[in-house]
Visitor: 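Here it is, the structure, as structure tokens.
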Number of protein chains: 2
Amino acid sequence: MKSAPNLPAAHPPQRLLLVDDHAVMRAGLANMLNSRPEFVVVAQADNSDLALEHYKAHSPDIALLDVMMPGISGIECLRRIRDHDPAAKILMLSSTEMIAEIDEAIHAGASGFVSKTALPAELIAAIKTVLNGEQALDEDLKRRLEVESRQAHLTPRELEVLHLLRHGMSNPAIGNELRITARTAKAHVAAIMEKLEAQDRAEAVAKGFERGLLRP
Amino acid sequence: MKSAPNLPAAHPPQRLLLVDDHAVMRAGLANMLNSRPEFVVVAQADNSDLALEHYKAHSPDIALLDVMMPGISGIECLRRIRDHDPAAKILMLSSTEMIAEIDEAIHAGASGFVSKTALPAELIAAIKTVLNGEQALDEDLKRRLEVESRQAHLTPRELEVLHLLRHGMSNPAIGNELRITARTAKAHVAAIMEKLEAQDRAEAVAKGFERGLLRP
DNA sequence: CAAAACACTGGCCTATCGGACAATAGTTTC
DNA sequence: GAAACTATTGTCCGATAGGCCAGTGTTTTG
């Protein structure tokens, strides 16, 4: 990186990549960040594919990723970027505050998490924290993450079954789909219902949506 | 700092109210709109209660409402504003594009609907359309609304039952709750499943979330 | 005024569900 | 190497679900 030739800038601006499918949000973010001397938005993307391309092309100091995007989700995008550059600094932005998503993002290697309801100043602070090599996580979110982690979490298999429940499949149908007996499918369903504190599969599906395990 | 006092302002700027729980989005919108001489943001709110207060206090020419807000939804806010001022011009903004929401908003008296994925220019155009007294609805959305309206829609009673299904209630339990026989509850559930093309109540609940009839 | 939609109710039948008891084997973790 | 977690399968039973055949009364709508 080259230093600014004439400016008395002790530090060159930090280079950012913005990824969000909402054009207005992107424009607003870019505007806000570019108005500060310590930042410069070098690229923007409205989808995950473009995001990865831009990341490779610009190697930004930090990437701001929206979690919710049509097609390839922000979290999958996060994984790909991290795959390309294990040292990537990635701050996730979210409109919802579903713990399951945050948890997934953190485990996938996100450097931090900021709600879109956060004030601009909070966002700026989070960006600086991540650039500093630390993890940017709201105290409130941290607490909720701990609470959630104490809650029973579904095993991969159970998650798989939950997705089939969502599509109205019976135990025999699930067994057929997963090549296990209906009895085993039943056991998974029972485990799901107990963990999600649901009285039947319908409520289990609802809880799945509430916890962000299932998406509309 | 941008409106020069000595300019020959042929038209006074149109006064806007912004309502969105996402501070960053609000800031971005305000920034973008204020940078144009024809608009001025006179107030902002991050919740529905404050929105109504501000509407009463400022009587803006147009209000931009986010549909998704914690607590009182944007649509309920829309109803209250319209209740206060039947001639109010209200443009709804949405991050999701769930037809059920749009449909509900239009029926509740929204003057238009714009997705947050829309380009700034499209948003500006929509605002001007609404200010012109016309309805701002994307052609694509219009088509999808028609398709959706052809789809069977749930009756109020069925919607009520769907909410009980979500909480894992059995037919007898539903009957008890609604003071009808289990047989009638069953009939409602059957109607729901047929209309939503679901094989069982679990899938009906899932479809409910997909269509925006149920919220996380 | 007729037609359609809505809310409600009945019986009968079979498949499925969910709970109550289980057990076995592989993997990961400590 | 023990302990915990995961995935798997078994049987029995009563309750529930969902499909099928109905019908009645009210309200809305054309």
Side-chain angles (χ1 to χ4, degrees), chain A residues 100 103-104 107-108 146 148-208 211 213-214, chain B residues 100 103-104 107-108 146 148-208 211 213-214:
Chain A
D103 198 52
E104 197 182 347
H107 279 108
E146 275 175 28
E148 178 81 2
S149 66
R150 265 193 290 276
Q151 281 185 25
H153 69 282
L154 302 190
T155 67
R157 196 57 155 175
E158 286 159 1
L159 212 50
E160 206 173 347
V161 172
L162 182 59
H163 281 279
L164 299 180
L165 282 185
R166 175 226 184 106
H167 290 111
M169 297 183 71
S170 66
N171 290 336
I174 292 170
N176 196 49
E177 178 72 23
L178 300 182
R179 303 181 183 213
I180 54 182
T181 65
R183 178 60 189 85
T184 306
K186 192 177 175 179
H188 288 311
V189 172
I192 291 170
M193 291 192 299
E194 194 192 337
K195 289 182 178 178
L196 297 184
E197 295 176 283
Q199 298 180 42
D200 60 12
R201 40 228 287 147
E203 191 177 8
V205 168
K207 292 283 180 76
R211 293 206 186 178
L213 304 172
L214 298 174
Chain B
D103 198 54
E104 198 182 347
H107 279 108
E146 276 176 27
E148 178 80 2
S149 67
R150 264 193 290 277
Q151 282 185 24
H153 70 281
L154 301 190
T155 67
R157 197 57 157 172
E158 285 159 3
L159 212 50
E160 206 173 347
V161 172
L162 182 59
H163 281 279
L164 299 181
L165 282 185
R166 175 227 183 106
H167 291 110
M169 297 184 72
S170 67
N171 290 335
I174 293 170
N176 197 51
E177 178 73 22
L178 300 181
R179 301 179 181 222
I180 54 182
T181 65
R183 176 62 189 83
T184 305
K186 193 175 174 179
H188 288 310
V189 172
I192 291 170
M193 291 192 298
E194 194 192 337
K195 289 182 179 178
L196 297 184
E197 296 175 282
Q199 298 180 39
D200 60 13
R201 41 229 286 146
E203 191 178 8
V205 168
K207 292 281 180 79
R211 292 205 188 179
L213 304 172
L214 297 174

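The structure displayed is predicted, hence computed values, not measured ones.
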Visitor: Locate the shortest heavy-atom distance separating Ala204(B) from Leu196(B); write the atom from each residue and the value.
Guide: O-CD1, 3.5 Å

Visitor: Starting at CE of Met193(A), measure out to NZ of Lys207(A) and round the result to the nearest 0.5 Å.
Guide: 12.0 Å

Visitor: Here's a test for you: under side-chain hydrogen bond (donor to acceptor under 3.5 Å, both in side chains), which of Arg201(B), His188(B), Arg183(B) qualifies with Asn171(B)?
Guide: Arg201(B)

Visitor: Roughly how far, to the nearest 0.5 Å, is CD1 of Ile174(B) from NE2 of His167(B)?
Guide: 12.0 Å

Visitor: Between dA17(D) atom C1' and Glu203(B) atom CD, what is the distance in whole Å?
Guide: 15 Å

Visitor: Rounded to the nearest Å, what distance is computed from the CD1 atom of residue Ile180(B) to the P atom of nucleotide dT9(C)?
Guide: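 So the CD1-P distance, Ile180(B) to dT9(C), works out to 6 Å.
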
Visitor: Can you pull every protein N or O that's under 3.5 Å from an N or O on nucleotides 19-22 of chain D?
Guide:
from    : atom 1 : to        : atom 2 : distance (Å)
dG19(D) : O6     : Lys186(B) : NZ     : 2.8

Visitor: Could you give the CZ-to-P distance, from Arg201(B) to dT16(D), as a whole number of Å?
Guide: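 One finds 11 Å between P of dT16(D) and CZ of Arg201(B), rounded.
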
Visitor: Under 4.0 Å from OP1 or OP2 of dA5(C): is there any side-chain N or O of Thr155(B) that close?
Guide: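 Looking at the OP1 and OP2 atoms of dA5(C), neither is under 4.0 Å from any side-chain N or O of Thr155(B).
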
Visitor: Identify the two heavy atoms, one from Gln199(B) and one from Glu203(B), that lie closest to each other, and give their separation to 0.1 Å.
Guide: N-OE1, 2.8 Å

Visitor: I need the residues from residues 157-176 of chain B with at least one non-hydrogen atom less than 4.0 Å from DNA chain D; give them sorted by number, or say none.
Guide: Ser170(B), Asn171(B), Pro172(B)

Visitor: Which heavy atom of Ala182(A) sits nearest a heavy atom of Pro172(A), and at what distance?
Guide: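 That closest heavy-atom pairing would be CB-CA, 3.8 Å.
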
Visitor: Within the structure, does a side-chain N or O atom of His188(B) lie under 4.0 Å from either OP1 or OP2 of dC8(C)?
Guide: yes

Visitor: Heavy atoms only, 4.0 Å cut-off, all strands: where does Thr184(B) land among base, sugar-phosphate and nothing?
Guide: base

Visitor: With the sugar-phosphate defined as primed atoms, P, OP1 and OP2, and the base as all remaining atoms, what B/S/- string results for nucleotides 23-30 of chain C, 5' to 3', for protein heavy atoms under 4.0 Å?
Guide: --------

Visitor: I'd like to know if the side chain of Glu158(A) reaches the main chain of Leu154(A), judged simply by a donor and an acceptor atom lying under 3.5 Å from each other, with no hydrogens or angles considered.
Guide: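 No; judged by distance alone, with no hydrogens or angles, the pair does not exist.
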
Visitor: Find which nucleotide of DNA chain D each of Lys195(A) and Ala187(A) is nearest to by heavy atoms, and output the residue with the more 5' nucleotide.
Guide: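 Whichever sits nearer the 5' end wins; that is Lys195(A).
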
Visitor: How long is the span from the CG atom in Leu178(B) to the OG1 atom in Thr184(B), to the nearest 0.5 Å?
Guide: 10.0 Å

Visitor: So, taking the atom named CG in Leu159(B) and the one named CD1 in Ile192(B), what distance separates them when rounded to the nearest 0.5 Å?
Guide: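 Answer for the CG-CD1 pair, Leu159(B) versus Ile192(B), is 8.0 Å.
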
Visitor: Could you state the interatomic distance from CD (Glu160(B)) to CZ (Arg157(B)), rounded to the nearest 0.5 Å?
Guide: 4.5 Å

Visitor: Ignoring the backbone of Thr181(B), work out which of dC6(C), dA17(D), dG10(C) is nearest its side chain.
Guide: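 Nearest to the side chain of Thr181(B) among the choices is dG10(C).
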
Visitor: With rounding to the nearest 0.5 angstrom, report the CE to CG distance, Met169(A) to Asp200(B).
Guide: 10.5 Å

